[in-house]
Visitor: 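One structure, pasted below without further comment.
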Amino acid sequence: MKAFDTFFAGGVAVPCDGESTYPVTSPVTGEIIGQVRYSSADNVDLAVEKARAGYRAWKSSSVVERKRCLREIAASLQARTAEIAQSLADEIGCPTFLGEAMQVGMAIKGLELAADGIDQIDWEERVGNGLVQKVGIGVVAALTPWNFPLHQIVAKIAPVIAAGCAVVLKPSEVTPTAARIFAECVHASSLPDGVFNLVWGGREVGEKLTSHPGVDHVSFTGSTLVGMAIMTSAAQGMKRVTLELGGKSAAVILDDADLDQAIPNVVRMSLANSGQTCVSQSRIIVPQDRFTEIVERYLAEAKSWRMGDPAVAGVKLGPVATKRQYLRIREMIDHAKASGAEVKEAFEVDAALSAGFYIPPTLVTNVDAHSEIAQQEVFGPVVCVIPYKDEAEAITIANSSAYGLSGAVWSQDTARATRVAEQLETGQVIINGAAQNLATPFGGWKESGFGRENGKYGIEDLLTFRSIHGAA
């Protein structure tokens, strides 16, 4: 059984002396496979103290130094791809092929784009007698989730390094291995001690960190309710915040869409990582006269997604990450049924998988667009199919969610699809399955949060201005 009982402060692994522990559980077997010991309040104080020292040293670093460190970390992660992917299969049930290609692949790309982004920022400009500088905000508290643990760590730490800041990371205790490997890769790089620090913990440690007077900026990815609490806590110290919160993304299939292309893509975007992605396309908004065809096509495509042990080659759909998540998803499905919705599963879960937290691809139809399951984030392989009469109604339904993180539009007329995309109240829209561009800003509207990550935009999110009048 793995033990995670040290935190990182000032380049040193220090024993955690918190009283609480968290059992790391395999979602495949339900067995405990590790234990995380939480950091104490004193541990958090030490990590922040070291981060402040790290910031004082790193804020004057050169562009060359920052880019070198980012690329060194990327190379180290690349070398440990298989190990990271296996840990994600063990701890959250992510199929290894997906772990290697997406979970690790996106993280490495994020580091590379942050290095490139440094050169895309005008760090200084002259305005009359004034020298206007962009400088790092200071010490960042970064709180990351379990669903994309490595990518989300990189999305927060890469801009910290690029901006000349320092960080105290509190990763999810559900997926500790990816965080520890990342920390080891950082410490193998030439990044000075104290720029990166890591503590373990749950809500109390998070609250201690986000309210700490030594922290200047809080960056959080997770639920909207926790994001609201963090805003309240951060406001007491006038800290800036970056919040990437929940999502209820809609795939709008227009009446001229090519279903041979659209359906496999929408299935992938709704089932990848067992639907546990913040951009999961969990609402499919379809023409009324193509409703039955699309439902049948979706279920037929989803049946081809082999479910099983995520470490086995060929498995595309693993379990959901935790028992708590499993029970919550089941509860939401049961509530939808009780409210009159029709629930269709692509297949039955094999009895051999009964010890794990497996949920098959599930379509919910005959559901009101304003019902709980059509409005709230399920975070599982559960999709609502909602018909519309005309294009205007499709846009209205898509925008009826309180969230606004991502979305998609399908049409054989790209100009039409673009026109519809421009009316969607969301931070990103993917037209006809276009490739995800990680150099563009990522973040939400409405209850999906604010602030942006990725490339130069993530760096700029951690910068503030300094004006020097009469400078040489």
Side-chain angles (χ1 to χ4, degrees), residues 26-30 81-107 146-151 174-175 178 247 249 251 259-284 294-322 325-326 329-330 333 343-364 378-385 406 408 430 433 435-436:
S26 165
V28 177
T29 65
T81 294
E83 181 185 358
I84 297 166
Q86 183 60 55
S87 77
L88 298 178
D90 294 340
E91 294 172 1
I92 59 169
C94 177
T96 50
F97 86 92
L98 190 67
E100 293 182 1
M102 186 161 65
Q103 298 263 13
V104 182
M106 287 175 64
W146 49 258
N147 63 319
F148 274 77
L150 184 62
H151 167 63
V174 175
T175 50
S249 301
L259 297 186
D260 289 338
Q261 300 233 350
I263 297 303
N265 187 280
V266 172
V267 169
R268 178 173 60 82
M269 292 299 292
S270 58
L271 297 186
N273 209 37
S274 297
Q276 298 167 126
T277 69
C278 54
V279 297
S280 177
Q281 292 173 10
S282 55
R283 293 183 297 153
I284 309 176
I294 289 171
V295 167
E296 291 174 350
R297 279 176 171 255
Y298 185 101
L299 289 170
E301 179 70 22
K303 284 178 182 177
S304 70
W305 278 57
R306 181 183 168 193
M307 174 178 274
D309 185 334
V312 173
V315 167
K316 297 180 72 174
L317 193 64
V320 296
T322 67
Q325 186 65 13
Y326 173 87
I329 294 168
R330 283 295 180 199
I333 292 172
V343 175
K344 300 178 180 179
E345 296 181 348
F347 49 75
E348 292 185 4
V349 176
D350 192 291
L353 304 176
S354 60
F357 310 140
Y358 288 91
I359 294 178
T362 304
L363 276 190
V364 182
V378 179
F379 226 55
V382 180
V383 177
C384 294
V385 185
S406 185
I430 300 168
Q436 183 87 355

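All values derive from a computational prediction rather than experimental measurement.
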Visitor: Side-chain atoms of residues 306-317: list all donor-acceptor pairs with protein atoms under 3.5 Å, sequence neighbours left out, distances to 0.1 Å.
Guide:
| residue | atom | partner | partner atom | Å |
| --- | --- | --- | --- | --- |
| R306 | NH1 | A313 | O | 3.3 |
| D309 | OD1 | A311 | N | 2.9 |

Visitor: Check for a donor-acceptor pair, side chain of S274 on one end and backbone N or O of P319 on the other, with a separation under 3.5 Å.
Guide: yes

Visitor: Minimum heavy-atom separation for I329 to G380, with atom names?
Guide: CD1-CA, 3.7 Å

Visitor: Working to the nearest 0.5 Å, report the span between CD of Q86 and CD of E91.
Guide: 10.0 Å

Visitor: Could you list the residues that satisfy side-chain contact (heavy atoms from CB on, under 4.5 Å) with A321, not counting sequence neighbours?
Guide: I92, W146, Q276

Visitor: In Å, rounded to the nearest 0.5 Å, how long is the span from OG of S270 to CZ of R283?
Guide: 13.5 Å

Visitor: Within this structure, what is the CE-OG distance for the pair M269 and S282, rounded to the nearest 0.5 Å?
Guide: 11.0 Å

Visitor: Just so I know, are the side chains of I294 and L259 near enough to count as touching, which here means a heavy-atom distance under 4.5 Å?
Guide: yes

Visitor: Closer than 3.5 angstrom, by distance alone: can the side chain of N273 be matched with the main-chain N or O of N147 as a donor-acceptor pair?
Guide: yes

Visitor: Go through the structure and list residues passing ring pair (Phe, Tyr, Trp, His ring centres under 6.0 Å) with W305, not counting sequence neighbours.
Guide: none

Visitor: In chain order, what residues pass the side-chain contact (heavy atoms from CB on, under 4.5 Å) check against T322, with sequence neighbours excluded?
Guide: V174, R324, Q325

Visitor: Can you find a pair of side-chain heavy atoms, one from R297 and one from D260, that are under 4.5 Å apart?
Guide: yes

Visitor: Identify, with sequence neighbours excluded, every residue that meets salt bridge (Lys or Arg N to Asp or Glu O under 4.0 Å) alongside E345.
Guide: R330

Visitor: If you take all heavy atoms of R268 and N265, which pair is closest and at what distance?
Guide: NH2-ND2, 2.9 Å

Visitor: To check you understand the geometry: which heavy-atom pair defines the closest contact between T362 and P360, and what is its length?
Guide: OG1-O, 2.8 Å

Visitor: Nearest heavy-atom pair of L150 and A178: which atoms, and what distance?
Guide: CD1-O, 4.3 Å

Visitor: So, taking the atom named SG in C384 and the one named CG in L363, what distance separates them when rounded to the nearest 0.5 Å?
Guide: 9.0 Å

Visitor: With the side chain counted from C-beta on, respond yes when P361 and L299 share a heavy-atom pair under 4.5 Å apart, and no when they do not.
Guide: no

Visitor: Is the backbone of T277 close enough, under 3.5 Å, to the side chain of S280 for a donor and an acceptor to pair up by distance?
Guide: no

Visitor: Working to the nearest 0.5 angstrom, can you tell me the gap between L88 CG and Q103 CD?
Guide: 5.0 Å

Visitor: Supply the atom-to-atom distance F347 CZ to S304 OG, rounded to the nearest 0.5 angstrom.
Guide: 9.0 Å

Visitor: Any side-chain heavy-atom pair from Y358 and P27 closer than 4.5 angstrom?
Guide: no

Visitor: Testing the basics here: between A85 and E100, what is the closest heavy-atom pair and its distance to 0.1 Å?
Guide: CB-CG, 3.5 Å

Visitor: Which pair of non-hydrogen atoms, one from C94 and one from G99, has the smallest distance, and what is that distance?
Guide: SG-N, 3.7 Å

Visitor: So, using ring pair (Phe, Tyr, Trp, His ring centres under 6.0 Å) as the criterion, who are the partners of Y298 when residues are at least two apart?
Guide: none

